[in-house]
Protein chains: 2
Amino acid sequence: MNTEPLLQYISKYIDLTKDETAILLSKLVYRKYLKGQYVLQQGDVCKHACFILSGCTKTFYMDNKGQEHIVVFSIEDWWASDVGSFITQTPADYNVLCLEDTELIQFSYEATEVLYIEIPKLERFYRKIIESALAASQKRIVHNFSLSAKERYLIFRDSYPKIEQRIPQYMIASYLGITKEFLSKIKSQLILEQ
Amino acid sequence: MNTEPLLQYISKYIDLTKDETAILLSKLVYRKYLKGQYVLQQGDVCKHACFILSGCTKTFYMDNKGQEHIVVFSIEDWWASDVGSFITQTPADYNVLCLEDTELIQFSYEATEVLYIEIPKLERFYRKIIESALAASQKRIVHNFSLSAKERYLIFRDSYPKIEQRIPQYMIASYLGITKEFLSKIKSQLILEQ
DNA sequence: AATAAATGTTAAACTAGATTAATATCATTT
DNA sequence: AAATGATATTAATCTAGTTTAACATTTATT
């Protein structure tokens, strides 16, 4: 497995010695999924936090009316998992599905528990990642309340230009919390405006 | 200051020795606010993570149309701060205002940095808290998309029965992301139904 | 190249929730 | 007990976003 992207990523937060790096890598598992495969299905326990090397996933929730709601898209150098399920080892609320062939590195729950003890620094690393994810999540709640669908779309487009091009429009609508028809309307409006 | 509630709370996640507890307490500051006072104002840097001993705060965001959006209510045994601002030490997006006279324990940013080094176990403690907060925040995003205002109100009422009684209805409406008039309508509907 | 499958657009009718505005209730102060 | 300010209700009108349904376009498959 190509561990460079992960080590690079970790080094932004903490410094690992050679020995520590060796321990870390010995606990990790490489896994490749094909487009259309599930990394996690709601109802199953999320046994791995996954660091994406290549490809793209959507994390979504299927409500009791059978409607799909996309929580987040994940691409290279980011994570895919159901945090709630992973930390409590209880059934997941979310599905993680590959939108492209996807290579990732799995941190199993057991491995993280051991790693936190063997390399306490990793607590700090993981804490920092989760802190930023929480800040982003809270900002999204506020945006959903205070901004119109059009404003939210513009922010999404600016924040994730790379993602927009790789993903069908109806999924972006689901991420924004609107229908595909309405997103289509917004886009044609934007074209008229400029 | 009465440190019992905090120590009790921490002990749910990690075990501290007497020495560690002493170090921890030596870095903390007790602070009392009156009803109506700000613990944090948007634009200021969030210099403290605050553990609430008594009282109640609202964390809210004032949008550019002058509208207030409540992100969270915090009471005894919970935290109040702007995580994003605190971890990056950049200006806050949120305000934290006391809805009652409020006693709290301040963890300054500098103190937490020192404490993480002196008592590495605290990384684990804080990581776990943040993880649950993230899981809760993600669940809220999905709820806001997939549930009607009425369903969201019922979930709020069930999840935070203690909070509902202490807080004016128009603030609960703001937390739910609806107008006070519409919440009023929902409540009268619920009365008719039963 | 032809067909099927997936994705995107348009427009009309509809609804959850917002806005406005008037009135009612409750708590606090004088 | 009257008066003030804060909170809550009700009803009419309005709008952002949904639903339904028909059609258009792009992509993948044979």
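What you see below is based on every heavy atom in this structure, not just the backbone, and it leaves out hydrogens, waters and symmetry mates. Keep in mind the model is a prediction, meaning the values are calculated, not measured. Numbered from 1 within each chain, the chains take letters A, B, ... in sequence-line order.
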Would you verify whether the NZ or CZ of B:Arg152 falls within 45 degrees of the ring axis of B:Phe156 while also being under 6.0 Å from that six-membered ring's centre?
no

State whether A:Tyr160 and A:Arg166 meet the cation-pi test: NZ (Lys) or CZ (Arg) under 6.0 Å from the six-membered ring centroid, and within 45° of the perpendicular axis.
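A:Arg166 over A:Tyr160 ring: no.
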
Counting the benzene-type ring for Trp, do A:Phe60 and A:Tyr94 have ring centres under 6.0 Å apart?
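Distance test on ring centres: not under 6.0 Å, no.
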
Do the two ring centres, one from A:Phe73 and one from A:Tyr175, sit under 6.0 Å apart?
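Yes; A:Tyr175 has its ring centre under 6.0 Å from that of A:Phe73.
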
If we ignore angles and hydrogens, is there a donor and acceptor under 3.5 Å between the side chains of [X] and [Y]?
| X | Y | result |
| --- | --- | --- |
| A:Tyr30 | A:Glu103 | yes |
| B:Glu68 | B:Tyr61 | no |
| A:Ser148 | A:Glu151 | yes |
| B:Tyr126 | B:Arg124 | no |
| A:Glu4 | A:Tyr9 | no |
| B:Lys47 | B:Gln106 | no |

Distance check needed: C:dA18 P versus B:Leu176 CG, whole Å only.
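So the CG-P distance, B:Leu176 to C:dA18, works out to 10 Å.
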
Pull out every residue in residues 146-155 of chain B that has a heavy atom closer than 4.0 Å to any atom of DNA chain D, ordered by number, or say none.
none

Within residues 62-76 of chain A: residues closer than 4.0 Å to DNA chain D (heavy atoms)
none

Ignoring hydrogens and angles, tell me if any N or O in the side chain of A:Asn95 forms a donor-acceptor pair with the backbone of A:Gln42 under 3.5 Å.
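Yes; at least one donor-acceptor contact below 3.5 Å.
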
Under a 4.5 Å cut-off applied to non-hydrogen side-chain atoms, are B:Leu6 and B:Leu28 in contact?
yes

Should A:Met62 and A:Gln67 count as side-chain neighbours, where that means a heavy-atom distance under 4.5 Å?
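Sidechains of A:Gln67 and A:Met62: no contact.
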
Is there a continuous path of hydrophobic side-chain contacts, each under 4.5 Å between heavy atoms, that joins B:Leu134 to B:Trp79?
yes

DNA chain D: 5'-most and 3'-most nucleotides touching chain B, 4.0 angstrom heavy-atom criterion:
D:dT7 to D:dT10

Name the pairs: protein N/O against N/O of nucleotides 25-30 of chain C, kept only if under 3.5 Å.
none

What does the list of N/O pairs under 3.5 Å between the protein and nucleotides 8-10 of chain C look like, with a distance for each?
| unit_1 | atom_1 | unit_2 | atom_2 | d |
| --- | --- | --- | --- | --- |
| C:dG8 | OP1 | A:Gln169 | N | 3.0 |
| C:dG8 | OP2 | A:Gln169 | N | 2.9 |
| C:dG8 | OP2 | A:Tyr170 | N | 3.1 |
| C:dT9 | OP2 | A:Gln169 | NE2 | 2.6 |
| C:dT9 | OP2 | A:Ser184 | OG | 3.0 |
| C:dT9 | O5' | A:Ser184 | OG | 3.3 |

With side-chain hydrogen bond (donor to acceptor under 3.5 Å, both in side chains) as the test, pick out the partner of B:Gln169 among B:Lys187, B:Glu164, B:Lys180.
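Considering B:Lys187, B:Glu164, B:Lys180, a side-chain hydrogen bond (donor to acceptor under 3.5 Å, both in side chains) with B:Gln169 is found only for B:Lys187.
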
Degree of bending, the helix from C:dA1-D:dT30 to C:dT30-D:dA1 (end axes from five pairs; round to 10°):
40°

If you apply the rule side chain to side chain contact (heavy atoms under 4.5 Å, CB included), what do you find for A:Thr21 with A:Leu24, and how did you get there?
CA-CA 5 Å; A:Thr21 304; A:Leu24 174 69; 5.5 Å; no

